[in-house]
Amino acid sequence: MTSSRSSLPTRNEIIDLWSSKEYPNLLKYEGARPLLIKFGFDLMGEAETHKYLYEQSVRNPNAPRLPAVYDFFEIGPIGFRRGFIVMEDTEAPTVEYWLKKKPDMAELLYDKAAEAVRWVLNCPLAPEPRFGPVGCGPARHAAFPDCIAPLEFDSTDAIQRYFNVSISQAVGDHRNRRLLQRRNLFYHGNIEPSNFHYDPETQKATIVNPQDVGMGPKSFASYQFHMDFHTDREFHRAIATRIDYPRTTSIDGMERAFSYLVMCSDETLGLDKSGHRRPKPLSNSKRIAAAK
């Protein structure tokens, strides 16, 4: 994606290496250049988001670092495709490592991580903004059960309709609310110390694992700072305090919707990606009549 393949392992070599390691999620490759190879399903959106953020970061000397993405490819049949992201290895330790090893650095590390998150929030949108990752794929966000949207919603209005349906089914209130702002921006959906690295020599933070970064209404950015669901609460509070992101009025409605969605057997609520009701399948008798 960002480099010639001449000094990279071939895709077949990567597949063979992955196959020999009992299917890990991450592989370090010690070749002509240190590489990190991430494997998983539905990685295309993450790869495109990572590539886009990297391209934005290299244009701005004050931006945090992101590892360069050298290649992305998929194997397997449609619906079961396994993806491989081949990227630069980040040699600097994680913020999580530094906090354990040198707790006296905590304030500096909080500052650097907060600067990196603030940069994501203010990053220019991709040319074709959508809800979720750049390019394709469902949004990953804590506002959804299992932190992933059940559909690839095609617009802000679609996700608005989805939340309205979930609230109406939860409390019997069928009013159409405008929960979400129409203006989209980037959000960071997983603010944990393991997702940031810090290099004391360059004094730069590096953002890694941007699978939970996406585009959406402002409430999706606000939600991350005002809901208490994070693994490392001290780290999260430190970042939230430094960024001081305003709490949007939509958060209570989003939380009400979430509380209902976790109990649903069908998290799509019978909706399509535009947030409209899917047609009910015809019964056998009606299918036979329609065929005549």
Side-chain angles (χ1 to χ4, degrees), residues 1-5 8-9 11 14-15 18 25-27 29 35-60 63-90 116-117 119-144 146-156 158-159 183-192 195-197 206-217 220-221 224 273-274:
M1 284 183 166
T2 62
S3 174
S4 167
R5 288 196 47 83
L8 299 178
R11 291 179 173 181
I14 290 171
I15 294 169
W18 161 73
N25 290 327
L26 288 171
L27 281 172
Y29 178 84
L35 300 174
L36 192 66
I37 303 168
K38 182 172 183 177
F39 153 80
F41 296 95
D42 298 321
L43 288 185
M44 185 177 290
E46 178 182 347
E48 290 297 327
T49 302
H50 191 149
K51 176 188 174 187
Y52 177 81
L53 293 175
Y54 169 79
E55 291 171 347
Q56 293 297 313
S57 72
V58 296
R59 297 172 185 168
N60 181 353
R65 290 195 68 252
L66 280 97
V69 176
Y70 298 127
D71 192 18
F72 172 74
F73 64 95
E74 294 179 312
I75 60 173
I78 295 175
F80 298 93
R81 299 184 70 77
R82 302 178 177 94
F84 296 82
I85 304 176
V86 184
M87 68 189 95
E88 175 187 10
D89 188 17
T90 304
V117 173
W119 177 81
V120 170
L121 298 175
N122 294 320
C123 191
L125 290 176
E128 296 182 4
R130 61 189 298 276
F131 179 69
V134 175
C136 65
R140 295 182 60 90
H141 195 279
F144 302 103
D146 299 321
C147 295
I148 187 165
L151 297 162
E152 286 191 43
F153 294 105
D154 60 13
S155 67
T156 300
I159 189 64
R183 176 176 172 266
N184 282 3
L185 44 71
F186 272 102
Y187 60 79
H188 195 307
N190 193 7
I191 303 172
E192 301 288 348
N195 286 331
F196 303 90
H197 291 237
T206 300
I207 299 170
V208 298
N209 198 29
Q211 66 178 8
D212 297 295
V213 174
M215 299 174 287
F220 282 83
Q224 297 302 120
K273 65 180 183 179
S274 297

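Positions are given from 1, in the same order as the sequence printed here.
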Original post:
Donor-acceptor pair, S274 side chain versus A158 backbone, under 3.5 Å?
Top reply: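 Judged by distance alone, no pair lies under 3.5 Å.
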
**OP:** Look at the side chain of E88 and the backbone N and O of A68, then say whether any donor-acceptor pair between them is shorter than 3.5 Å.
**Re:**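 Side chain of E88 to backbone of A68, a donor-acceptor pair under 3.5 Å: yes, one is there.
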
Subject >> Sequence neighbours excluded - side-chain hydrogen bond (donor to acceptor under 3.5 Å, both in side chains) pairs with any residue from residues 126-140 >> reply: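 The answer is R130-E152, R140-D212.
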
**OP:** Name the orientation class of the two ring planes belonging to H141 and Y187 (parallel below 30°, tilted from 30 to 60°, perpendicular beyond 60°).
**Re:** perpendicular

At their closest point, which heavy atom of [X] faces which heavy atom of [Y], and how far apart are they?
X	Y	result
P129	L125	CB-CD1, 4.1 Å
A139	G132	CB-CA, 3.7 Å
R11	F72	NH2-O, 3.6 Å
F186	A126	CE1-N, 4.3 Å
P127	Y52	CD-CE1, 4.2 Å
P64	S57	O-CB, 3.5 Å

Original post:
Among all residues two or more places apart in sequence or in another chain, which pass the ring-ring contact (aromatic ring centres under 6.0 Å, His included) test with H50?
Top reply: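 ring-ring contact (aromatic ring centres under 6.0 Å, His included) check on H50 returns nothing, list empty.
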
**OP:** Only counting residues at least two apart or in another chain, list the ones meeting salt bridge (charged side-chain N to carboxylate O under 4.0 Å, His left out) with K273.
**Re:**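 Scan of K273 (salt bridge (charged side-chain N to carboxylate O under 4.0 Å, His left out), adjacent residues dropped) gives none.
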
Original post:
Could you give the distance from CD (E48) to CG (L53), rounded to the nearest 0.5 Å?
Top reply: 11.5 Å

**OP:** With rounding to the nearest 0.5 Å, note down the distance linking NE2 in H188 to CD in Q224.
**Re:**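 Reported to 0.5 Å precision, the distance equals 9.0 Å.
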
Original post:
Tell me, do P9 and L35 make a side-chain contact under 4.5 Å, heavy atoms counted?
Top reply: yes

Subject >> Candidate pair K38 and N209, rule side-chain contact (heavy atoms from CB on, under 4.5 Å), full reasoning >> reply: CA-CA 9 Å; K38 182 172 183 177; N209 198 29; 2.7 Å; yes

Original post:
When P67 is tested against each of T206, L36, I85 for side-chain contact (heavy atoms from CB on, under 4.5 Å), which residue passes?
Top reply: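 Among the candidates, only T206 passes.
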
